[in-house]
Amino acid sequence: MKPALFSVLCEIKEKTVLSIRGVQEEDPPDPQIMRLDNMLLAEGVSGPEKGGGSAAAAAAAAAAGGSPTDSSIEHSDYRAKLAQIRQIYHSELEKYEQACSEFTNHVMNLLREQSRTRPISPKEIERMVAIIHRKFSSIQMQLKQSTCEAVMILRSRFLDARRKRRNFNKQATEVLNEYFYSHLSNPYPSEEAKEELAKKCGITVSQVSNWFGNKRIRYKKNIGKFQEEANLYAVKTAVDAANVSAQASQANSPATPNSGGYPAPCYTPDGRL
DNA sequence: AGTAATGATTGAGG
DNA sequence: CCTCAATCATTACT
């Protein structure tokens, strides 16, 4: 008698209460969450663990060799930060999953308990579980979204070279300045000259271009400030020229090689014209 | 901390 | 494309 009454009551309830709540049961594969998933997978955040060892190796290699090829140190830095993000993501995800299953169990037990005194069908419990899962998955989506943001920020920081600026070494600036001041009348190196300078300085051609661009504009802007430097390099090249000509033949007095374009430097010790 | 130097980026313009 | 000019972001120096 009791089971029959139970099922009847359940049926009635099904037809009244639940139908009012509307039919929003369909659960399409949300394109938004798909996108987030794909991105996280692509960045290696949600994929299989593979960071630790190789990142450490890269860091060790970078630490051991103090050579100018420090793109590896940036790379390992990037990977370390990515690993950190991944770790946070996974621990949070685990936390959410645990909380979800805990809560689900709790609710299921409660409903089962109450199904002895109230008309609660297994179907209804199932539905309740689905609702809970939806709620929790929306929280997970937030987690995924914020993780994505963190990765994007990390990426932009990594890609923006301004944030990883290193000054060129002494010798490189020496070479560049030498060229600049010995071509003051026309400080526009040709493509080949740029390539040679790049090779000599251990930097890229575009870095050479950047350097000359900056140098020209900054020299022009405040010639006085560069007097000392200009004189220094003028003397240096003059001395070099003297040495070279001394080796060849002693009869040449070296002339200062620059005049025109920008005002030539003059030898005033205190830097005023 | 505050400031100067400095390499890189952006946008205008030829 | 390249250059200039302004600007950004970091590094070096005080």
Side-chain angles (χ1 to χ4, degrees), chain A residues 43 55 58-85 146-237 240 257-273:
Chain A
E43 290 313 320
S67 53
T69 55
D70 48 19
S71 105
S72 56
I73 201 166
E74 290 171 24
H75 205 73
S76 74
D77 200 31
Y78 173 74
R79 287 228 287 229
K81 295 220 167 87
L82 193 63
Q84 200 180 331
I85 290 174
S146 64
T147 304
C148 266
E149 266 170 40
V151 171
M152 301 269 263
I153 289 166
L154 177 63
R155 281 207 131 217
S156 74
R157 287 185 73 89
F158 182 67
L159 292 176
D160 189 352
R162 276 183 297 195
R163 306 196 187 250
K164 283 283 177 187
R165 189 174 68 73
R166 304 274 116 179
N167 288 359
F168 299 152
N169 61 41
K170 203 82 179 157
Q171 186 218 317
T173 54
E174 195 108 327
V175 169
L176 293 167
N177 273 317
E178 226 166 90
Y179 188 99
F180 181 78
Y181 286 112
S182 62
H183 297 72
L184 246 194
S185 57
N186 186 34
Y188 295 85
S190 64
E191 195 55 37
E192 302 124 43
K194 279 183 192 170
E195 273 170 36
E196 195 177 328
L197 285 168
K199 194 175 281 182
K200 260 198 254 186
C201 299
I203 60 180
T204 68
V205 172
S206 52
Q207 282 179 306
V208 173
S209 295
N210 285 340
W211 190 91
F212 273 88
N214 283 322
K215 191 71 181 180
R216 281 190 299 260
I217 194 74
R218 282 163 184 165
Y219 180 82
K220 190 177 76 174
K221 221 167 187 172
N222 191 350
I223 294 172
K225 192 174 283 179
F226 289 91
Q227 283 279 306
E228 209 177 327
E229 191 179 69
N231 293 338
L232 199 145
Y233 281 99
V235 168
K236 181 196 271 285
T237 55
D240 284 356
N258 42 24
S259 64
Y262 297 121
C266 55
Y267 297 85
T268 50
D270 62 343
R272 252 8 270 163
L273 281 166

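Throughout, protein chains are lettered first and strands after them, A, B, ... in sequence-line order, and every chain is numbered starting at 1. Scope of the values below: all heavy atoms of this structure, side chains included, with no hydrogens, waters or symmetry mates.
Heavy atoms of A:F168 sit under 4.0 angstrom from primed sugar atoms or phosphate atoms, though from no base atom. Residue-level contact check: A:K194 touches the backbone only, with heavy atoms under 4.0 Å from sugar-phosphate atoms and none from bases.
Within the structure, every side-chain polar atom (N or O) of A:Q207 is placed at least 4.0 Å from both OP1 and OP2 of B:dG7. Phosphate contact (OP1/OP2 of C:dC4, side-chain N/O of A:Y219, threshold under 4.0 Å): absent.
Checking A:R216 against A:N214 by side-chain atom types alone, no donor-acceptor pair falls below 3.5 Å.
Between the CD1 atom of A:I203 and the P atom of B:dT6 there is a distance of 14 Å, given to the nearest Å. Look at CG on A:L176: it is 13 Å from C1' on B:dT6, rounded to the nearest Å. Taking atom CH2 of A:W211 as the reference point, atom P of C:dC2 lies 18 Å away to the nearest angstrom. In this structure, the CD atom of A:E228 is 12 Å from the P atom of B:dA5, given to the nearest Å. One interatomic measurement links the two molecules: CZ of A:F180 to P of C:dT3, which rounds to 13 Å at whole-angstrom precision. What separates NZ of A:K215 from P of C:dC4 is a distance of 14 Å, to the nearest Å.
Between A:Y219 and A:F226, the ring planes are tilted. Angles from 30° to 60° get that label. The aromatic rings of A:F180 and A:F212 sit tilted relative to each other, their planes meeting at an angle between 30° and 60°.
Around CD of A:E196, the count of heavy atoms belonging to other residues, nucleotides or ligands within 6.0 Å does not exceed 12. No more than 12 heavy atoms of other residues, nucleotides or ligands lie within 6.0 Å of CD in A:Q84, so this atom counts as exposed by the packing criterion.
In this structure, the salt bridge (charged side-chain N to carboxylate O under 4.0 Å, His left out) partners of A:E174, at least two apart in sequence or on a different chain, are A:K236.
When each of A:F226 and A:N210 is assigned the nucleotide of DNA chain B with its nearest heavy atom, A:F226 is the one assigned upstream, toward the 5' end.
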(request) Heavy atoms under 4.0 Å is the rule here; annotate nucleotides 5-14 of chain C 5' to 3' with B where the base is hit, S where only the sugar-phosphate is, and - elsewhere. (result) SSBBBBSS--
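Between A:E178 and A:K200 no salt bridge is recorded (no basic side-chain N to carboxylate O distance below 4.0 Å).
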